[in-house]
Structure formats: C-alpha cells, structure tokens
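Since the structure comes first, as structure tokens, the remarks are kept for the end.
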Amino acid sequence: MDQVSDEARWTTMLELALDGDASAYQNLLQGLASALRTALRSRARRAGLDNEDVVQEVLLALHMKRSTWVRGTPVAPWVAAIARNKIVDAHRRRGSRPEVSIENIVETLQTDDDGDTVGEAHDLERLLAKLPAKQRLIVSEISLQGYTALETARRLNMSEVAVRVSLHRSLKRLSAALRGSR
Amino acid sequence: MRTEALIRALVADNKRPVVPISRMLLMAVLSGMAFSAVLFGITLHVRTDIWKAIGTVRFDFKLVVTLTLAVTAAMGLPRSARPQDGNGSPWTLAASPLLVALAVAVDLLMGPHEWLRRLIGQNALHCLLLIPMLSLAPAIALLLALRSGAPLNPKAAGARAGLLASGLGATLYALTCPDDSPLFIATWYTMATGTVTALCAYIGRYALRW
C-alpha cells in the first residue's frame, strides 16, 4: 500500500474514532501498533528498551493525548512525535541525550502488512499489579477477558458509568506510572 | 500484557467526547479571566479619572502594550501544547517589549527631564503585587489545561501560558494603575509579568511533562 493513501486512511479512521466509532479506533490502533513495532525496533534497542514496551507506551500516550491531534491532518507525524518524546525520555533516564528526528520515524511509520501483528510486553503488566484491586479487576475484565464495559458492570454489579470512570482512572495511572518507572 | 489486550482497554475508554486542546485552552482563558475580573471588582476599582485617561495617548498605549503581550502569547499557545509543533515562532512575542522600548526612547527624548520620578511612580509596589494576583487565576487555568496537552517543550509551553496570563493580569491592573509613564511600564510591569512568566516556566518544566 502506498504511503499517501495510507496516510489519508489513518486520518479518516482517527476522525471516525474521535466521533466514537469503536471498530475504526480498534483497526487504527492495531495498524499503528504494527507500524510502530517495525519503525521503533532499532531505536528501542539503542535506548535499552524492550520494543513492545515502547509500542505499548506510545499507544497509551497517543490515547491519553488524542485531544492534541488536529482533525484532518496526517496521523503519522503526530504519532511519530509522541514516539520520539517517549524514546528521548528513555534515553534521558539513562543519562544520554541523542538526536532523534521525527522525519526518520515518520518515514518508517507506515502500514506494514508483513509486520508482526501480535506482541507482548511486561512493563504494563507489572504496573497493573500495583493498581488498587478493584481497578485492576476492571482493567483485566475488559482487556484480558474481553468483556465490554456494560458486561463488566453487570458481572461486578456496578453501574456502567462507574466502570468507565474506573477504567479511565486506571489508564491515567498506568500512563503516569509508566513515565515514572524504569 | 499482550498489546491486543491494551488496545481493547483503550477502545473501551474511547466513549467520552474528546475536546480539542485548543478549545480547552480557550475555555481556560475565559474562565481564568472571568475569575480575575471578579477579583478585580471585589478588591480594586477602576481609576477615578478613567474617562479622562482614555482620551490620553499614554493610557491607551499602556493597554495596547499589555493586550499585545496577551494576544501574541495566545497565538502560539495551541501549537506549543502539541507534540510535533514546537513552540511556534517566538519572534511575534517581541512585539510588546519592542513597543515599550520605543515608547521609552520617545519619552526620554521628548519629555521633561524628571525621569526618575516617573520611573518610581507612586505605585511600584502595588504593581509588583497586583499584576501577579490578577494573573493567578488565568495562569492556573492555563497550566491545568496544558496538562491535557502534550507539549514538545514543557518549559516553553509553561512560559507562554505565563506570558498570556500576565498579559491579561496586567491589562486589568492597567485599569486601576494611575501611572501611565512608559518608564514605569518598562520597569515594573516588565518585572511583574517576568516573574509570573518565570514561575510558570518553572512549573511547566515539571508539571507539563508527559
């Protein structure tokens, strides 16, 4: 797939996602995960990080910061900027200060149909274990067991709103903890 | 944790409407400014000779300077809250200081030579305390809004928020301050807005990292 149509497709998908389209968001995140996995491999290694950990951190960050994307603009440079911030941060924690250019990340950030579509990492799991029991349960019902917020609410005898609020707080905590860890 | 599992959690969290960062910043400015205006109404008053003052170039110029500071700072703020845009062009920020410098030069060349009295004015201490006080609410609101942003340069984003907040605070203060001399503005207004800006930059450096 050529880069231009790819980029336009990501832009449309993210617009749909921001309007609440769950399947567009799911497809976009999966596509970005696979693209990031390929684009970041060597950079993560140089920063002394597990590649999949970085991919997950970037996905979490772009989710939390999706209000900073400007509708109608290309998605790749924005995601690349977020990825760069995370990698520079990782280097800084190790005391080095490399030049990481966005352009290089953008160039490699495109749908990679041959790329790995699955990945597993450990940082988030470790931090998940530190969440309060209730939040941990809700996150795992949704992410690991695959229940919807509504199903989770019924199973735990809570309101759907309470489940959503708790999920949101958990993700916020995880992203803050990820930044403070390592 | 498998990345698929994380993605399921993110998708489930995507239900609430997403407010663009530019709108969040706008709401922060408006609410912060409203708060400061109320504070102004309660604790201070517009100078008694306001109608006469509005007819003078020196008073109007003072408002132009403080509003220019606020507007130039506001223009680049949404950009500085985004991860890829850098801090915008810092050059437009020079507009307000340049206006002051120009006015000081004109004033020194033309005015009667009692510049020391005009420099000290009657309200230096007031100015140093009241501008930060009136900037406080917009500064807090803007820094909170910026926390939902993803600034490439947290310190610069904090500084820009400080410039905008102190520009607004100084505009309100200018309505009560009886000193209209460019020298007074160049000294005390600069010191007050500079303090607010430096403080916001310092806070931004730590609080706006993401």
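Naming: A, B, ... by sequence-line order, numbering from 1 per chain.
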What distance separates [X] [atom1] from [Y] [atom2], expressed to the nearest 0.5 Å?
| X | Y | atom1 | atom2 | value |
| --- | --- | --- | --- | --- |
| K15(B) | L167(A) | NZ | CG | 10.5 Å |
| L18(A) | N14(B) | CG | CG | 7.0 Å |
| Y25(A) | I7(B) | OH | CD1 | 9.5 Å |

(request) Run the numbers on L60(A) and L10(B) for side-chain contact (heavy atoms from CB on, under 4.5 Å), then give the verdict. (result) CA-CA 7 Å; L60(A) 186 53; L10(B) 300 184; 3.7 Å; yes
At a heavy-atom separation under 4.5 Å, does [X] approach chain B through its side chain, its backbone, both, or neither?
| X | value |
| --- | --- |
| L171(A) | side chain |
| A149(A) | neither |
| D89(A) | side chain |

(message) Counting heavy-atom pairs under 4.5 Å with chain B, which one of E52(A), Q26(A), H122(A), R66(A) comes out on top?
(response)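 Counting heavy-atom pairs under 4.5 Å, the top option is R66(A).
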(request) Using a cut-off of under 4.5 Å on heavy-atom pairs, state which of E125(A), M64(A), E141(A) scores highest against chain B. (result)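 Of the options given, most contacts go to E125(A).
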(message) If we check side-chain hydrogen bond (donor to acceptor under 3.5 Å, both in side chains) with D13(B), which of these qualifies: R164(A), H63(A), K172(A)?
(response)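 When R164(A), H63(A), K172(A) are each tested with D13(B), the side-chain hydrogen bond (donor to acceptor under 3.5 Å, both in side chains) holds only for H63(A).
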(request) Decide yes or no on side-chain contact (heavy atoms from CB on, under 4.5 Å) for K86(A) and W210(B), but give the supporting numbers first. (result) CA-CA 9 Å; K86(A) 294 301 173 192; W210(B) 51 281; 4.0 Å; yes
(request) Test P83(B) against every option in L62(A), N85(A), V79(A), T68(A) by the side-chain contact (heavy atoms from CB on, under 4.5 Å) rule and name the one that passes. (result)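 Considering L62(A), N85(A), V79(A), T68(A), a side-chain contact (heavy atoms from CB on, under 4.5 Å) with P83(B) is found only for T68(A).
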(message) By the definition side-chain contact (heavy atoms from CB on, under 4.5 Å), identify the one residue from M24(B), R23(B), R82(B) that meets it with S67(A).
(response)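 Checked M24(B), R23(B), R82(B) against S67(A); only one passes side-chain contact (heavy atoms from CB on, under 4.5 Å): M24(B).
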(message) Looking at every non-hydrogen atom in both residues, tell me the closest pair between L6(B) and Q56(A) and how far apart they are.
(response)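 Reported closest heavy-atom pair: CD2-O, 3.6 Å.
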(message) Need one label for V19(B): side chain, backbone, both or neither, based on atoms under 4.5 Å from any heavy atom in chain A.
(response)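 Just its backbone gets close to chain A.
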(message) Quick check on F35(B): does its CZ atom have over 12 non-hydrogen neighbours (other residues, nucleotides or ligands) under 6.0 Å away?
(response)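 Check fails, neighbour count at 12 or below.
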(request) Answer yes or no: is there a side-chain heavy-atom contact under 4.5 Å between S143(A) and M1(B)? (result)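 They are in side-chain contact.
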